[in-house]
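All remarks here apply to the structure that follows.
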Amino acid sequence: NPDSTHNNLPDPSSYTLQPSVTEITFSHESGPFFELSNYAPYTVTYKEKVYPTAEHLFQARKFLGHRPLFAEHIRRGSEQPQFATEAARRLALESRPDWEEKRVEIMEEVIELKFTQHEKLRRLLLNTGDRNLIYSSGTSDDFWGNGAHGTGQNEMGRALMRLRDELKREESEAKAILADLRRKGTGRR
């Protein structure tokens, strides 16, 4: 079972949110809503290859087109997401030349795969409602996280909120189609 690695995590459906809570802060370490981070141990399949975590896929995408051996090293080197991050950092000079321009778009693709391949995670993200999602990256990341002083760009949280909006739209459209079909009947005789 490719998802057995997260059996020891708390069930995200057990997270309760009071209506007064307007933001959710999560990190890549542990705690409530850890599953929102790329470090959460949920596999992601991309182009028929399974990556141990979203972090593995995200880091591998820096090299997939032009340095496939480096990408494969990141995918298969270790199940630990820290390995993927560190390996990509060591290989940074070999990253795709357009990485800075493409990284947000690629992150969006990676998290869409993660949250659509795991229904439990999709539900978790949708259940955050309209709350602001804040990735607490500690002092290390002012771009993807809220940074050392809470002044970071929070691009990870923003990407998740955009995905959540898209999933809500899809769910709403699906409900509308079903309602329309029920009104018209199945049409089968």
Side-chain angles (χ1 to χ4, degrees), residues 1-7 9-28 31-61 64-65 81 98 101-136 143-146 152-189:
N1 176 4
D3 291 333
S4 62
T5 54
H6 53 74
N7 287 339
L9 292 175
D11 181 0
S13 65
S14 69
Y15 300 155
T16 55
L17 289 167
Q18 300 303 320
S20 60
V21 173
T22 59
E23 65 183 38
I24 295 168
T25 302
F26 65 97
S27 82
H28 63 273
F33 298 95
F34 162 70
E35 295 84 0
L36 297 176
S37 88
N38 281 353
Y39 274 48
Y42 289 84
T43 60
V44 180
T45 301
Y46 177 73
K47 294 190 176 182
E48 300 181 22
K49 290 189 175 184
V50 177
Y51 292 77
T53 67
E55 186 68 12
H56 284 79
L57 175 56
F58 179 70
Q59 298 297 342
R61 292 284 307 268
L64 263 179
D98 63 350
E101 297 83 45
K102 294 285 192 178
R103 62 186 172 164
V104 172
E105 176 185 332
I106 290 170
M107 178 65 81
E108 290 172 340
E109 292 170 9
V110 168
I111 64 173
E112 181 178 1
L113 290 170
K114 174 185 169 182
F115 285 90
T116 57
Q117 291 175 12
H118 299 280
E119 179 60 25
K120 176 165 54 171
L121 297 181
R122 185 177 172 283
R123 284 273 121 232
L124 173 67
L125 183 57
L126 286 169
N127 288 342
T128 63
D130 293 322
R131 292 171 180 89
N132 198 20
L133 301 178
I134 300 170
Y135 174 48
S136 177
F143 182 76
W144 294 111
N146 64 351
Q153 295 178 57
N154 191 37
E155 288 297 331
M156 181 68 183
R158 291 169 166 207
L160 285 166
M161 290 184 284
R162 287 189 296 272
L163 175 60
R164 179 181 64 197
D165 290 345
E166 180 61 31
L167 294 175
K168 282 182 188 177
R169 269 191 299 282
E170 288 175 7
E171 205 166 78
S172 178
E173 289 171 14
K175 285 178 182 175
I177 291 168
L178 285 173
D180 190 47
L181 289 173
R182 286 188 190 105
R183 268 194 313 279
K184 293 177 181 176
T186 62
R188 293 185 184 167
R189 300 276 180 237

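Excluded from the calculations below are hydrogen atoms, water molecules and symmetry mates; all remaining heavy atoms, backbone and side chain alike, are included.
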For Gln117 and Thr43 the tightest heavy-atom approach is OE1-O, 4.1 Å
With a 4.0 Å cut-off, would you call Glu35 and Lys120 a salt bridge? no
Taking atom NZ as the centre, does Lys102 end up with more than 12 heavy-atom neighbours from other residues, nucleotides or ligands that are less than 6.0 angstrom away? no
How close do Met156 and Leu36 get, counting heavy atoms only, and between which atoms? CE-O, 3.7 Å
Please determine whether a side-chain nitrogen of the Lys or Arg among Arg61 and Glu108 lies less than 4.0 Å from a carboxylate oxygen of the Asp or Glu. no
When rounded to the nearest 0.5 angstrom, what is the spacing between CZ in Arg158 and CG in Leu160? 12.5 Å
When Leu133 is tested against each of Ile24, Thr25, Asn154 for side-chain contact (heavy atoms from CB on, under 4.5 Å), which residue passes? Ile24
Looking at every non-hydrogen atom in both residues, tell me the closest pair between Tyr135 and His28 and how far apart they are. OH-ND1, 2.8 Å
I'd like to know if Arg162 pairs up with Asp165 as an ion pair, taking the criterion as any Lys NZ or Arg NE/NH1/NH2 lying under 4.0 Å from an Asp or Glu carboxylate oxygen. no
Taking Leu163's backbone N and O only, do any of them form a donor-acceptor pair with Lys168's side chain (distance below 3.5 Å, no angle check)? no
Taking Arg123's backbone N and O only, do any of them form a donor-acceptor pair with Asn127's side chain (distance below 3.5 Å, no angle check)? yes
Within 45 degrees of the axis of the six-membered ring of Phe143 and under 6.0 Å from its centre: does Arg103 put its NZ or CZ there? yes
Taking all non-hydrogen atoms of both residues, which atom of Arg131 and which atom of Arg164 are closest, and how far apart? O-NH1, 2.8 Å
What's the shortest heavy-atom distance between Pro81 and Thr53, and which atoms? CB-OG1, 3.9 Å
Distance in Å, Glu173 CD paired with Leu178 CG, rounded so as to fall on 0.5 Å steps: 12.0 Å
Between Ser136 and Ser27 the two heavy atoms that sit nearest each other are O-CB, 3.4 Å
What do you reckon, are the aromatic ring centroids of Tyr51 and His56 less than 6.0 Å apart? no
Carboxylate-amine/guanidinium proximity below 4.0 Å for Arg122 and Glu112: no
